[in-house]
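Contents: one structure, followed by commentary.
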Amino acid sequence: MKKLSMILPLVLLLCFTFSCQKAEEVAEEHNVEELINVFGEKAMEMWNDGNLDVVEEIIAPEYVIYSDPGDPYEKQTLDHETYKKRVLETRTATPDIHFTSEDIIVKGDKLVNRWTMSGTNKQAGKQFSTTGLTIYHVVDGKLKGHWQNIDRLGLYQQLGFTLTPPKPPDTPEEKK
Amino acid sequence: MKNPTMILPLVMILCFMVGCQDKAAMAELEEFRAQAAVEEQNIELVKRYIDELGKGNAAIFEDLCAPEYSFYNPSDTPEPLSREDMMEFLKMIFAAFPDINWEIKKILAVEDRVIVWNVVTGTHEGEYMGIPATGNKVLVSSILMLRFQDGKIVEEREEANMLGLMQQLGMELKPKEKE
């Protein structure tokens with residue numbers, strides 16, 4: 001008779017544990033989906049439409065550009081004001097800039113975006129289209145920093161730049 | 001005296017109901033766990049892939065990459081390299097940078113994908129893309145997105161600091177001369 005009063009709570013505990021585990025996994029999946037949606041929508045609003053109000057919503061107060069060769073703010077920690085400045089500078093250089101996400105995946109505290117960027121560079125007066133891969137560091141639903149590589153070589157070539165070998169030393173300049 | 005005999009079937013019904021509802025949940029949980037195991041396995045495969053490339057072993061492509069493998073650098077190029085193209089390309093890379101090494105700084109896996117942030121180093125001791133050996137030491141970052149299918153790599157997309165690499169080899173970026 002006593003056995004039952006011991007077994008019952010154990011059995012109920014067991015059933016409860018299984019349900020709880022499942023709930024945790026489902027909760028995590030919903031967070032991932034939500035993050036992908038928020039990023040896909042709000043980040044695009046910021047970059048494509050220039051809506052800087054979104055910055056407070058999705059960017060952490062201190063944003064670290066861990067690695068982004070070619071970016072003027074590489075290795076810096078940006079506050080919101082500086083972050084907005086960076087967005088504005090990009091949009092001023094290319095007023096019709098448009099980012100498209102080709103692939104967004106999330107795992108733990110990382111969001112990875114594979115993307116295309118296109119527009120008309122004002123200074124060069126040329127249209128371009130280039131690609132990038134970015135790993136974002138996400139904390140409490142906000143972007144806290146990134147590691148990024150962009151096809152800047154392709155970008156510059158489209159803007160009319162070429163790679164030239166250095167002039168060998170002690171060689172007179174060739175006349176055309 | 002009657003209570004236990006009444007409670008027992010009630011408890012069994014309760015567990016059965018909870019158990020049945022959670023059968024779907026249990027199946028989903030199993031699926032999550034299986035996926036996590038595959039993700040761990042894919043990470044180990046990518047680590048091995050990069051490790052072997054660092055040893056100059058281009059044959060690893062035949063081991064770890066599917067015959068239909070495609071390599072994209074830049075990440076969306078309309079002209080990806082095939083597995084055979086890559087093996088040829090790597091021969092050139094190994095001759096150009098005999099001490100080439102890819103150091104994994106960050107690696108993560110989601111479903112059928114693995115993402116890597118790498119730092120690539122080497123000494124320019126042989127011709128690279130028409131640039132004669134300079135003896136320069138290079139260091140560039142690279143981000144990879146690999147996709148697996150049936151335990152093999154079917155797709156690899158890379159964005160790397162190619163501009164930086166060229167500049168480290170002495171090339172200069174100049175506006176095109178106006179005619």
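Chain A is the first sequence line, chain B the second, and so forth, proteins listed ahead of strands; every chain is numbered from 1.
- For the atom pair CG (B/Asn118) and CH2 (A/Trp147), the distance works out to 14.0 Å, reported to the nearest 0.5 Å.
- Taking OG1 of A/Thr164 as the start and NZ of B/Lys174 as the end, the distance is 4.0 Å to the nearest 0.5 Å.
- To the nearest 0.5 Å, atom CE of residue B/Met166 and atom OH of residue A/Tyr156 are 16.0 Å apart.
- In this structure, chain A has no heavy atom under 4.5 Å from any part of B/Lys105.
- Using a 4.5 Å cut-off between heavy atoms, A/Glu102 touches chain B through its side chain atoms alone.
- Separation of atoms CZ (A/Arg114) and CZ (B/Arg113) is listed at 7.5 Å; rounding is to 0.5 Å.
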Practice task
Using the side-chain contact (heavy atoms from CB on, under 4.5 Å) rule, take B/Met162 and A/Asp151 through it: C-alpha gap first, then chi angles, then the decisive distance, then the call.
Solution key: CA-CA 7 Å; B/Met162 303 305 288; A/Asp151 177 19; 5.7 Å; no
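- For B/Met171, the parts lying near chain A are the backbone and the side chain together; criterion is any non-hydrogen pair under 4.5 Å.
- Contact annotation for residues 64-75 of chain A against chain B (heavy-atom separation below 4.5 Å, listed by residue number): A/Ser67, A/Pro69.
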Practice task
Go through B/Lys106 and A/Lys110 one step at a time and tell me if the side-chain contact (heavy atoms from CB on, under 4.5 Å) criterion holds.
Solution key: CA-CA 10 Å; B/Lys106 299 233 175 279; A/Lys110 305 283 185 310; 3.8 Å; yes
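- Going from atom CG of B/Leu163 over to atom CZ of A/Arg152 covers 8.5 Å, rounded to the nearest 0.5 Å.
- Of the listed residues A/Leu155, A/Leu163, A/Thr134, A/Thr116, the one with more heavy-atom pairs under 4.5 angstrom with chain B than any other is A/Leu163.
- We find that A/Asp103 and B/Arg157 are not joined by a salt bridge, their nearest charged nitrogen and carboxylate oxygen being 4.0 Å or further apart.
- Both A/Phe99 and A/Val87 belong to a single network of hydrophobic side chains, linked directly or stepwise wherever heavy atoms of I, L, V, M, F, W or Y lie under 4.5 Å apart.
- Among residues 69-93 of chain B, the residues having any heavy atom closer than 4.5 Å to a heavy atom of chain A are, in sequence order, B/Pro74, B/Ser75, B/Asp76.
- Between the CD atom of B/Glu172 and the OG1 atom of A/Thr162 there is a distance of 10.5 Å, given to the nearest 0.5 Å.
- Counting non-hydrogen atoms of neighbouring residues, nucleotides and ligands closer than 6.0 angstrom, the CZ atom of B/Phe148 exceeds 12 such neighbours.
- Under a 4.0 Å N-O distance rule, the pair A/Lys107/B/Glu39 qualifies as a salt bridge.
- With a 4.5 Å cut-off on non-hydrogen atoms, B/Ile143 touches chain A through its backbone and its side chain both.
- Between the side chains of B/Ser141 and A/Asn149, at least one donor N or O sits under 3.5 Å from an acceptor N or O.
- Side-chain heavy atoms closer than 4.5 Å link hydrophobic residues (I, L, V, M, F, W, Y) into clusters, and following such links, possibly through other members, connects B/Ile100 to B/Met129.
- In this structure, chain A has heavy atoms under 4.5 Å from both the backbone and the side chain of B/Leu173.
- Hydrophobic clustering (side-chain heavy atoms under 4.5 Å, transitive across Ile, Leu, Val, Met, Phe, Trp, Tyr) keeps A/Tyr136 apart from B/Trp117.
- The local environment of CD in A/Glu62 is sparse, with at most 12 non-hydrogen atoms from other residues, nucleotides or ligands closer than 6.0 Å.
- A continuous path of ILVMFWY side-chain contacts below 4.5 Å connects A/Val55 to A/Leu111, so both sit in one hydrophobic cluster.
- Only the backbone of A/Ile150 has a heavy atom closer than 4.5 Å to any heavy atom of chain B.
- Two different hydrophobic clusters hold B/Val110 and A/Val138 under the rule that ILVMFWY side chains link at heavy-atom gaps under 4.5 Å.
- Only the side chain of A/Ile105 comes within contact range of chain B, judged by heavy atoms closer than 4.5 Å.
- Heavy atoms of other residues, nucleotides or ligands lying less than 6.0 angstrom from CD of B/Glu31 number 12 at most.
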Problem - Intermediate values then yes/no, side-chain contact (heavy atoms from CB on, under 4.5 Å), B/Leu108 and A/Val112 - result: CA-CA 10 Å; B/Leu108 57 117; A/Val112 181; 4.2 Å; yes
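- Using a 4.5 Å cut-off between heavy atoms, A/Thr130 makes no contact with chain B at all.
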